[in-house]
Visitor: 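Got a structure here, written out as structure tokens. Questions coming.
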Amino acid sequence: APVAGALSDTNSTTGGNGKEESTPYSSTNVQELGVDESDIVKNDGETIYWLNGDTIHVAKAVPANGVDEVATIKLEAPADSMFLREGKLIVLMNKWSYYYAYDYVSWFRGSGGAVIPMEAQVADANGDNTSSDVVGGPWNDGGEVLVAIYDVSNPASPVLSKTLKFEGGLSGSRMIDNHLHIVLYSTPRLYNGTDASAIDDMTLDEWIPDYEITDGMGVVINEGNIAPWSNFYRPEVGDGFSITTVVTVDVDNPTAEFK
């Protein structure tokens, strides 16, 4: 986290004379020089971005006696943390949906034995989200990671540029230059009573986590599997059916192929 009066290595430059020159503001303390870590407060020496739940407060930082909030950003979900890079604010969110019941077999069949459509069985905290709205569809266990990229070249008027949605939950993140590295975990939703033959009948698309990219207006511009099946590996000794995925996003060109 930012520490008043402490200068992070990320704000230091070394000139040809070998002497270190530092900018007059603190930033996120990092474990390795050049590898940025997400935080709930970011600043560039002129503007402070402070994350509080599902809201980002944007404040003018200079002059010191004129600090003032110039904008707020309302997010789609409570956020985990954020990065700041060259006029871009990258916000990481974990969004969870919940299921109406936990007895998947009787719930899926209904109390009278009738099959209930999947789309009627998952809702978000507002009760208005269906499985078709969740990346990965009905096989998703309810988790999504949202990466919202805002243009903050004019801090007083932030503009949402792209939103990337990934199936699963957020385990960690780092940023090196324009490359955002995120670690995701996901578990396909299996119903009680699912046997080996049912699992054998599942397709790769039902196992591999999905993604979706929307523009600033929410229009889908790309979607599909996060990676081809050939990029996934399994342990020789099975220890469950959860999947860990490491995704690299070019925040300067977020629609480019993931690495």
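In what follows, residues are counted from 1 in the order of the sequence shown.
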Visitor: When you look at Arg85 and Asp252, which way does the salt bridge (Lys or Arg N to Asp or Glu O under 4.0 Å) test go after all the steps?
Guide: CA-CA 10 Å; Arg85 167 184 159 76; Asp252 291 342; 3.1 Å; yes
Visitor: Looking only at atom types and distance, does a side-chain atom of Asn225 sit under 3.5 Å from a main-chain N or O of Pro228, one as donor and one as acceptor?
Guide: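 No, because the side chain of Asn225 does not come within donor-acceptor range (under 3.5 Å) of the backbone of Pro228.
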Visitor: Which atom pair, heavy atoms only, marks the closest approach of Val152 to Pro158?
Guide: CG1-CB, 4.1 Å
Visitor: Considering only NZ, NE, NH1 and NH2 on the basic side and carboxylate oxygens on the acidic side, decide whether Asp54 and Lys95 come within less than 4.0 Å.
Guide: no
Visitor: So among Ile73, Leu160, Asp151, which one has a side chain to side chain contact (heavy atoms under 4.5 Å, CB included) with Leu89?
Guide: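 When side chain to side chain contact (heavy atoms under 4.5 Å, CB included) is applied between Leu89 and each of Ile73, Leu160, Asp151, only Ile73 qualifies.
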Visitor: I'd like to know if the side chain of Glu223 reaches the main chain of Glu212, judged simply by a donor and an acceptor atom lying under 3.5 Å from each other, with no hydrogens or angles considered.
Guide: no
Visitor: Could you check whether Asp250 and Asn178, counting side-chain N and O atoms only, form a donor-acceptor pair closer than 3.5 Å?
Guide: yes
Visitor: Decide yes or no for Val249 and Leu164: does some side-chain heavy atom of the first lie under 4.5 Å from some side-chain heavy atom of the second?
Guide: yes
Visitor: Could you tell me how the ring of Trp50 sits relative to the ring of His57: parallel (under 30°), tilted (30 to 60°) or perpendicular (over 60°)?
Guide: parallel
Visitor: Indicate whether any N or O donor in one side chain lies under 3.5 Å from an N or O acceptor in the other, for Thr248 and His179.
Guide: no
Visitor: Does any donor atom in the side chain of Thr55 or Thr72 lie under 3.5 Å from an acceptor atom in the other side chain?
Guide: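 There is no such pair between these side chains.
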Visitor: Taking the six-membered ring for Trp and the single ring otherwise, decide whether the centroids of Tyr150 and Tyr49 are under 6.0 Å apart.
Guide: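 Not under 6.0 Å, so no.
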Visitor: Would you confirm whether Asn94, through its side chain, and Leu170, through its main-chain N or O, come within 3.5 Å as a donor-acceptor pair?
Guide: yes
Visitor: Please answer whether the main-chain N or O of Val219 pairs with a side-chain N or O of Asp215 as donor and acceptor at a distance below 3.5 Å.
Guide: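 A pair under 3.5 Å: yes.
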